[in-house]
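Next up is a structure, given as structure tokens.
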Amino acid sequence: MTTLTHRPDTLTRDALAVLQPGFHGTTAPDWLLRRIGEGLTSVGLFGRNIHTPAQLAALTAQLRAERNDILVAIDEEGGDVTRLEVREGSSFPGNYALGSVDDVELTRAVARELGSRLAACGVNLNWAPSADVNSDVNNPVIGVRSFGADPALVARHTAAYVEGLQSAGVAACTKHFPGHGDTAVDSHHALPRIDVGVDTLHARELAPFRSAIAAGSKSVMSAHILLSALDPDRPATLSPRILTGLLREELGFGGLIVTDGIEMQAIASTYGIERGSVLAIAAGVDAICVGGGLADEGTVLRLRDALVGAVREGELPEERLADAAARVRALADWARRVRGASGPGAAVQEGTAPGAGTSAAGGPDIGLVAARRAVRVTGTAEPLQEAPYVASFAAVANIAVGDETPWGVAAELTALLPGTEAGTYGSGSGAAEVLAAAGERRIVAVVRDLHRHSWMAAVLDGIREARPDTAVVEMGVNHAEPAGSPHIATYGAAPVCGRAAAEVLTGRSV
């Protein structure tokens, strides 16, 4: 337990309470424990903080030794975006796969199981689900993170996900309000702009958030996007019209409003993180997410001091900061009470993978069940009998997905057909290179978002011209015309999706 040499004043404690910072390492650094003792109420975890379930449980216990009601948050969407299984790949398909099945009970069960595994490790706030309607098929950052392009479908699955996750004692954080689906720009890099009318926004972007609020979502995450019809001057994260006027007053949301990462370039390169944080709290935000990129004590102190200074200079009402801090503490209290009612969770044994075991229903793993149900096959071909050559075409992953997490079908096919060989190809590759590497083996071409990458399509055309029996596995947004013998769409690139595809290719189970 950290011993304080002084007690920070109320203003300083409130400023710390509204921050959700990250840190480096698999144990909590001394500076973080000290700031928790001074009022910090939330901590954000990323893949760099997680090695095993047992280690994660020990880390969250270390944090709770400082503050029993600490909010421990994570960006665990499942599917392509995983922190819990960042080095192995998720045991669950993501939203796009669940939306393609369109069984809300399945979505609810997947979210419940994911929440149970988070709760067992001591995590009680998940920055998920994505409620974005992926209306732009070329969206560079949402894609398979969305349940789909139909607002009604996205709305019903968002609600089911919120209900499933929170039934396991983990607060949902529905994102990215008021909707990041109709963007061609990634807000990690720049400020996206959506120029559609208010009627379209209400019918499309806002429908899933209404459902999430009705389902009781404990928190909502704002998007760093400019919606000209709602506020032509400020992005949603900094807009009183959008956060207070629309989300609080019109939609009636009474829970915690959290920013997307404040260090993302949409805010950092236009306002700076200090001013951006002050404007966000003034606009109606309650918690500042920071730590995906900036994860050090200096960043926490800069933001704390910016908020305190803004209050003392009259730029930020003290009552607004106090209200924000009170909302953070209220959610922390809810999470503590839920945890106390259900116990600390099942013990996690060292070396046990987060995805091991069976679903709460007692049948086969719910993640694999969902992945198998999501697969769509076009065309027919004889199942693979001999070890193939797997050619995976890799574009640069967006920051949300990251490049640490394995994907594809090579490992899963190797388990079924030992001797399978594989290669990964980028934008400088050609069909001749793949054909030479494959030799006489049958080719399995694995792509993600084929419709977004002309180089990928050109290489695939060359391969199929020479080898018409090439099987194609699309693990991204399934928008390009099906091509392959057969064409298999998995609606996501998690290992369970690869396993489901491998089973189809071989006609047998792993």
- prompt: Do His453 and Asp449 come within less than 4.5 Å of each other through their side chains, counting heavy atoms only?
  reply: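 Heavy-atom side-chain distance check passes, below 4.5 Å.
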message: If you compare all heavy atoms of Pro129 against all heavy atoms of Asn95, which two are closest, and at what distance to 0.1 Å?
response: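 Reported closest heavy-atom pair: CB-ND2, 4.4 Å.
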field: Shortest non-hydrogen separation from Gly293 to Glu263 and the atoms involved
entry: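 Heavy-atom minimum between the residues: N-OE2, 2.8 Å.
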field: Among Asp286, Val18, Val220, Val285, the one residue meeting side-chain contact (heavy atoms from CB on, under 4.5 Å) with Leu256
entry: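 Of the listed options, the one satisfying the test is Asp286.
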Donor-acceptor pair between Thr82 and Glu77 side chains, under 3.5 angstrom: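 Note: Thr82 and Glu77 side chains miss the donor-acceptor criterion.
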- request: State whether a side-chain donor-acceptor pair under 3.5 Å links Ser217 with Thr174.
  value: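 Checked: Ser217/Thr174 side chains pair up, N/O donor to acceptor below 3.5 Å.
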task: Look up atom OG in Ser269 and atom CG in Leu191, then write down how far apart they are to the nearest 0.5 Å.
output: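 One gets 8.0 Å once the value is rounded to the nearest 0.5 Å.
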field: Point-to-point distance, once rounded to the nearest 0.5 Å, from CD1 of Ile36 to CG of Leu63
entry: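 Result: 5.0 Å between the selected atoms.
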query: Do Ile273 and Ile267 come within less than 4.5 Å of each other through their side chains, counting heavy atoms only?
result: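 Contact flag for Ile273/Ile267 side chains = no.
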- request: Measure the shortest side-chain to side-chain distance between Arg275 and Glu315 over non-hydrogen atoms and say whether it is less than 4.5 angstrom.
  value: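 In contact.
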- request: Return yes if some donor-acceptor pair links the side-chain N/O of Arg320 with the main-chain N/O of Ile281 below 3.5 Å, else return no.
  value: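 Yes; judged by distance alone, with no hydrogens or angles, the pair exists.
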message: Checking Lys175 against Asp75 for the salt bridge (Lys or Arg N to Asp or Glu O under 4.0 Å) test, could you report, in this order, the C-alpha distance in whole Å, the side-chain angles of both residues, the deciding distance, and whether it holds?
response: CA-CA 11 Å; Lys175 61 187 183 185; Asp75 191 10; 2.9 Å; yes
- prompt: Step by step, would you call Val43 with Leu71 a side-chain contact (heavy atoms from CB on, under 4.5 Å)?
  reply: CA-CA 6 Å; Val43 172; Leu71 280 173; over 6 Å; no
message: As a quick check of understanding, evaluate salt bridge (Lys or Arg N to Asp or Glu O under 4.0 Å) for Asp296 and Arg35, giving each step before the final call.
response: CA-CA 12 Å; Asp296 58 279; Arg35 300 306 168 191; over 6 Å; no
- prompt: Is it true that the side chains of Ser222 and Thr237 contain a donor and an acceptor less than 3.5 Å apart?
  reply: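 Short answer, yes.
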message: What I want to check is whether the side chains of Trp127 and Gln20 have a donor and an acceptor closer together than 3.5 Å.
response: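 On atom types as modelled, these side chains qualify, holding a pair under 3.5 Å.
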From CZ (Phe92) to CZ (Arg117), nearest 0.5 Å: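 Result: 3.5 Å between the selected atoms.
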message: If we ignore hydrogens and angles and just use 3.5 Å, is the side chain of Arg64 paired with the main-chain N or O of Gly122 as donor and acceptor?
response: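 Checked: pair present.
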field: Heavy-atom side-chain contact between Leu227 and Pro178 under 4.5 Å
entry: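 Yes, side chains in contact.
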- prompt: Which atom names give the shortest non-hydrogen contact between Asp182 and Glu205, and what distance separates them?
  reply: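 Looking at all heavy atoms of both residues, the shortest contact is CB-OE2, 3.6 Å.
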field: CA sep, side-chain torsions, deciding dist, call: Phe177, Phe253, side-chain contact (heavy atoms from CB on, under 4.5 Å)
entry: CA-CA 12 Å; Phe177 185 83; Phe253 179 64; over 6 Å; no
query: Can you find a heavy atom in the side chain of Tyr161 that is under 4.5 Å from one in the side chain of Arg108?
result: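 SC-SC contact between Tyr161 and Arg108 ruled out.
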message: Assess the residue pair Tyr271 and Leu238 against the criterion (side-chain contact (heavy atoms from CB on, under 4.5 Å)); give the C-alpha distance rounded to whole Å, side-chain angles, the decisive distance to 0.1 Å, and a yes or no.
response: CA-CA 10 Å; Tyr271 295 88; Leu238 311 183; 3.5 Å; yes
message: Does either side chain, that of His51 or that of Thr26, offer a donor lying less than 3.5 Å from an acceptor on the other one?
response: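 Distance-only check fails for His51 and Thr26.
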field: Any donor-acceptor pair under 3.5 Å from Arg156 side chain to Val154 backbone
entry: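 A pair under 3.5 Å: no.
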task: Report yes or no: do Ser146 and Asn134 form a side-chain donor-acceptor pair below 3.5 Å?
output: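 Asn134 and Ser146 do not have a side-chain donor-acceptor pair below 3.5 Å.
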field: Validation row: Thr12, Arg304 side chains within 4.5 angstrom (heavy atoms)
entry: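 Yes - at least one pair of side-chain heavy atoms lies under 4.5 Å apart.
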Among Ile242, Ile194, Leu206, the one residue meeting side-chain contact (heavy atoms from CB on, under 4.5 Å) with Leu230: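 It is Ile242; the other options fail the test.
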- request: Step by step, work out the salt bridge (Lys or Arg N to Asp or Glu O under 4.0 Å) result for Asp231 and Arg234.
  value: CA-CA 6 Å; Asp231 189 333; Arg234 288 189 177 179; over 6 Å; no
Distance, nearest 0.5 Å, that separates OG of Ser277 from CG of Leu19: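 Between atom OG of Ser277 and atom CG of Leu19 there are 7.0 Å.
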- request: Would you confirm whether Ser239, through its side chain, and Ala236, through its main-chain N or O, come within 3.5 Å as a donor-acceptor pair?
  value: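 A pair under 3.5 Å: no.
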message: Taking the side chain as everything from C-beta on, heavy atoms only, tell me whether Ser130 gets closer than 4.5 Å to Phe147.
response: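 Sidechains of Phe147 and Ser130: no contact.
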Among Asp14, Thr41, Asp69, side-chain hydrogen bond (donor to acceptor under 3.5 Å, both in side chains) partner for Arg329: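 Result for side-chain hydrogen bond (donor to acceptor under 3.5 Å, both in side chains) with Arg329: Asp14.
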- prompt: Mind checking whether His479 and His451 have parallel, tilted or perpendicular rings, split at 30° and 60°?
  reply: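 Ring orientation, 0 to 90° scale: perpendicular.
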query: Do Arg373 and Asp103 sit within salt-bridge range, that is, some charged N less than 4.0 Å from a carboxylate O?
result: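 Counted as a salt bridge, because a side-chain N and a carboxylate O are separated by less than 4.0 Å.
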message: If I compare all heavy atoms of Ser219 with all of Leu125, which pair ends up nearest, and what's the gap?
response: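 Here Ser219 and Leu125 meet closest at OG-CD1, 3.7 Å.
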- prompt: Are the charged groups of Arg327 and Asp323 less than 4.0 angstrom apart, N to O?
  reply: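 Salt bridge flag = yes for Asp323 with Arg327.
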field: Closest approach of Val81 to Arg83 (non-hydrogen atoms, all atoms of both residues)
entry: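 Closest approach of Val81 to Arg83, heavy atoms only: CG1-NH2, 3.6 Å.
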query: Between NZ of Lys218 and CG of Leu331, what distance do you get to the nearest 0.5 Å?
result: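 Reported to 0.5 Å precision, the distance equals 7.5 Å.
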- request: Could you walk me through whether Val144 and Val477 pass the side-chain contact (heavy atoms from CB on, under 4.5 Å) test, one step at a time?
  value: CA-CA 6 Å; Val144 297; Val477 173; 4.2 Å; yes
- request: Decide yes or no for Glu76 and Leu114: does some side-chain heavy atom of the first lie under 4.5 Å from some side-chain heavy atom of the second?
  value: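 A side-chain contact exists here, since the closest heavy-atom pair is under 4.5 Å.
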field: Value rounded to 0.5 Å, distance of OG1 in Thr158 from CG in Asp132
entry: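 Atom-to-atom, Thr158:OG1 and Asp132:CG are 8.5 Å apart.
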query: What are the two closest heavy atoms between Leu40 and Leu16, and how far apart are they?
result: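 Closest approach of Leu40 to Leu16: CD1-O, 3.2 Å.
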query: If only atom types and distance count, is the side chain of Arg87 paired as donor or acceptor with the main-chain N or O of Leu84 below 3.5 Å?
result: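 No, Arg87 side chain to Leu84 backbone: no donor-acceptor pair under 3.5 Å.
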message: Tell me whether the rings of His176 and His180 are parallel (<30°), tilted (30 to 60°) or perpendicular (>60°).
response: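 Geometry flag for His180 against His176: perpendicular rings.
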- prompt: Should we count CD of Glu297 as having more than 12 external heavy atoms under 6.0 Å?
  reply: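 Enclosed.
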- request: Determine yes or no for a side-chain-to-main-chain donor-acceptor pair under 3.5 angstrom, with Thr259 supplying the side chain and Gly261 the backbone.
  value: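 Between the backbone of Gly261 and the side chain of Thr259 there is no qualifying donor-acceptor contact (under 3.5 Å).
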task: Run the numbers on Asn49 and His24 for side-chain hydrogen bond (donor to acceptor under 3.5 Å, both in side chains), then give the verdict.
output: CA-CA 6 Å; Asn49 304 121; His24 291 283; over 6 Å; no
message: Does either side chain, that of Ser91 or that of Glu85, offer a donor lying less than 3.5 Å from an acceptor on the other one?
response: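 Yes.
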- request: Look only at the side chain of Asp260 and the backbone of Met221, and say whether a donor-acceptor pair between them is shorter than 3.5 Å.
  value: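 A pair under 3.5 Å: no.
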message: Tell me whether Tyr491 contacts the main-chain N or O of Val101 through its side chain, where contact means a donor paired with an acceptor under 3.5 Å.
response: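 Not at all, since once roles are kept as given, no pair shorter than 3.5 Å links the two residues.
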field: Under 3.5 Å: donor-acceptor pair, side chain of Ser167, backbone of Gly164
entry: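 Flag set: sc Ser167 to bb Gly164 pair under 3.5 Å.
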message: Regarding Glu474 and Arg448, does a basic nitrogen lie under 4.0 Å from an acidic carboxylate oxygen?
response: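 No.
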query: Would you say the side-chain atoms of Asn124 pair up with the backbone N or O of Val72, donor to acceptor, closer than 3.5 Å?
result: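 Answer holds: yes.
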